[in-house]
Amino acid sequence: MEMSVAGQKESIYGTTLSGLRECMQEWRQPAYRAAQVLEWLYAKRVEGFAQMSSLPAALRAALEERFEFATLEPVRVLGSEDTTRKYLFRLGDGALIETVLIPASPALYGETSDRRTLCVSTQVGCAYGCKFCASGLDGWSRNLSAGEIVGQIVRVEKLSGERVSNLVFMGMGEPLANFKNLQPALEILNAPWGVEIGARRITISTSGLAPQIRLLAELPMQVRLAVSLHGATDLVREQIMPVNKKYPLAQLLEACEYFAQRRKQRITFEYILIRGVNDRVEDAAALVEVARRVEAKVNCIPYNTVEGLEWERPEEAQQDAFMAVLKRGGTAATLRREKGHDIAAACGQLRRQTQVERGQGPA
Ligand code: SAH
Ligand code: SF4
């Protein structure tokens with residue numbers, strides 16, 4: 001369990017079953033009380049200890065004293081039912097993060113699919129400074145606590161009245177740079193006593209932190225891994241992703257192979273298509289080679305323009321030519337032409353826009 005900052009309470013949403021059992025022991029309460037607290041939280045979804053009516057008053061008071069219901073205050077919601085909905089949350093210290101709810105696309109999953117994917121943030125800002133990304137523009141402020149990560153799911157489910165079926169860690173921040181809080185959050189999100197989302201329905205996206213990819217391979221749960229590749233050679237990749245200097249392609253691909261073999265799982269390479277940077281046919285040919293080596297699937301996404309950045313998405317004809325090379329090379333690849341421009345879809349954009357509008361400027 002994460003230690004609380006002096007004078008601050010821990011978030012109850014960052015607390016695991018074993019963490020609560022320790023509390024019960026300390027408070028000389030029977031162990032089953034821990035499971036009872038979690039049932040109130042995740043099965044009944046109450047938002048205060050006072051409502052946990054099956055608990056003795058003294059225990060409720062002890063819980064109240066140690067824990068808080070981390071407040072994620074929705075400051076803006078964009079989009080509506082049936083479309084992608086984007087939530088801008090204010091955290092306890094005033095920091096802003098984004099969480100995006102994406103309904104099933106009927107074209108991909110059929111009219112009756114109740115698949116709902118939530119895209120969550122793991123940090124305030126990002127230290128990795130990929131040159132095309134809005135999240136990294138203002139640098140890194142802090143890690144989200146486990147409670148703030150889990151809180152996004154609980155909050156969106158409450159606000160929307162819908163259950164989330166799939167999770168992608170593709171919001172603001174680099175999840176694997178916040179491994180210590182990501183790990184308990186994943187446990188809580190996956191556990192039958194917690195949010196209970198199947199591990200195979202959880203995808204962690206990383207810009208390529210090779211050592212942490214190996215750590216992720218050792219977790220007891222089968223979460224999926226997506227790697228933001230965006231370049232299939234060091235030359236292309238290091239132009240847009242400074243992290244490639246620290247973990248060059250060879251080292252990254254070794255870690256990917258390790259993960260894929262150890263987990264017996266196909267990983268996904270995310271590849272945003274940026275005009276004139278990584279969208280030539282020779283880039284596609286290099287991508288075929290890299291994907292073959294790791295036996296990875298490839299997910300191509302035309303770049304979403306970010307205000308203040310000069311990058312653009314390629315023409316559709318160029319996108320098609322790129323995809324044709326992948327297809328001929330036998331790469332399992334998809335092209336996701338999302339219509340997200342209107343609600344500032346790419347990660348970090350809504351927060352940035354809001355800060356600019358409020359004259360707060362970069363954090
Ligand atoms: N830090 C992690 C997860 C968050 S970013 C990572 O980099 O993987 C999630 C994905 O959004 C990454 O693949 C990232 O490269 C992509 N992305 C960032 N800015 C984008 C933009 N303007 N258009 C399209 N995709 C973008
Ligand atoms: Fe950070 Fe990911 Fe954006 Fe790169 S793409 S700056 S790693 S959030």
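Everything numeric here is computed off the predicted structure, so don't read it as measured data. Read the numbers this way: they start at 1 and go in the same order the structure lists the ligands and their atoms. For the numbers below, each heavy atom of this structure counts, side chains included, while hydrogens, waters and symmetry mates do not.
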| task | Identify, by atom number and element, the atoms of ligand 1 in contact range of Met170, meaning under 4.0 Å from any of its heavy atoms. | result | 4 (C), 5 (S), 9 (C)
| said: Need the ligand 1 atom indices (1-based, order shown) with element for anything under 4.0 Å from a heavy-atom of Thr206. | reply: 6 (C), 8 (O)
| query | Any idea which atoms of ligand 1 are less than 4.0 Å away from a heavy-atom of Tyr303? | reply | 21 (C), 22 (N), 23 (N)
| note | atom 2 (Fe) of ligand 2: of Gly173, Gly171, Ala177, the nearest heavy atom sits on Gly173
| field | Ile272 to ligand 1, any heavy atom closer than 4.0 Å | value | yes
| note | Quick note on ligand 1: atoms under 4.0 Å from a heavy atom of His230 include exactly 13 (O), 14 (C), 15 (O)
| task | Begin from the C-alpha positions of Phe269 and His230 and carry the test ring pair (Phe, Tyr, Trp, His ring centres under 6.0 Å) through to its verdict. | result | CA-CA 8 Å; Phe269 285 143; His230 310 331; over 10 Å; no
| query | Does some non-hydrogen atom of Ser228 fall short of 4.0 Å from ligand 2? | reply | no
| said: Please list, in number order, the atoms of ligand 2 under 4.0 Å from a heavy atom of Tyr128. | reply: 7 (S)
| note | The answer for which part of Ile301 has a heavy atom under 4.0 Å from ligand 1 is neither
| task | Just jot down the ligand 2 atoms closer than 4.0 angstrom to any heavy atom of Ser207, in number order. | result | 7 (S)
| Is it the case that Thr206 and Glu174 place a side-chain donor and acceptor less than 3.5 Å from each other? | yes
| said: Test of understanding: given a 4.0 Å heavy-atom threshold, classify the contact between Cys126 and ligand 2 as side chain, backbone, both, or neither. | reply: side chain
| Are Phe179 and Leu215 side-chain neighbours, meaning at least one heavy-atom pair lies under 4.5 Å? | yes
| request: Go through ligand 1 atom by atom and flag the ones less than 4.0 Å from a non-hydrogen atom of Val306. | output: 22 (N)
| said: So, 2.8 Å as the limit: is an N/O/S atom of Cys133 located closer than that to atom 3 (Fe) of ligand 2? | reply: yes
| Does Met172 reach ligand 1, in the sense of a heavy atom lying below 4.0 Å from it? | no
| Are Leu252 and Leu229 side-chain neighbours, meaning at least one heavy-atom pair lies under 4.5 Å? | yes
| query | What residue among Asp279, Leu326, Ile272 forms side chain to side chain contact (heavy atoms under 4.5 Å, CB included) with Cys300? | reply | Leu326
| note | A student comparing Cys126, Cys119, Gly173 should find that the heavy atom closest to atom 1 (N) of ligand 1 comes from Gly173
| said: Given the ring of Tyr303, does Arg313 sit roughly above its face, with NZ or CZ under 6.0 Å from the centre of the six-membered ring and within 45° of the axis? | reply: no
| remark: Here the pair of heavy atoms bringing Gly231 nearest to Leu249 is O-CD1, 4.2 Å
| message | Using a plain distance cutoff, I'd like to know if Glu270 has any nitrogen or oxygen under 3.5 Å from a nitrogen or oxygen of ligand 1. | response | no
| Donor on one side chain, acceptor on other, Asn299 and Thr334, under 3.5 Å | yes
| said: Does the residue Gly171 have a heavy-atom contact with ligand 1, meaning some pair of atoms that are separated by less than 4.0 Å? | reply: yes
| ligand 2 atoms in contact with Gly129 (distance to a heavy atom under 4.0 Å) | 6 (S)
| Nearest non-hydrogen atom to atom 6 (S) of ligand 2 belongs to which of Ser121, Cys130, Gly125? | Cys130
| said: With a 3.5 Å distance limit and no angle check, can you tell me whether Arg85 reaches the backbone of Val77 through a side-chain donor-acceptor pair? | reply: no
| remark: Atoms of ligand 1 under 4.0 Å from any heavy atom of Phe169, numbered from 1 in the order shown, are 3 (C)
| query | Pick from Ile149, Asn178, Leu176: which one makes a side chain to side chain contact (heavy atoms under 4.5 Å, CB included) with Phe169? | reply | Ile149
| said: My understanding is that only one of Gln239, Gln251, Arg237 makes a side-chain hydrogen bond (donor to acceptor under 3.5 Å, both in side chains) with Asn244; could you say which? | reply: Arg237
| request: Please check if any side-chain donor atom of Trp40 sits under 3.5 Å from a side-chain acceptor atom of Ser54, or the reverse. | output: yes
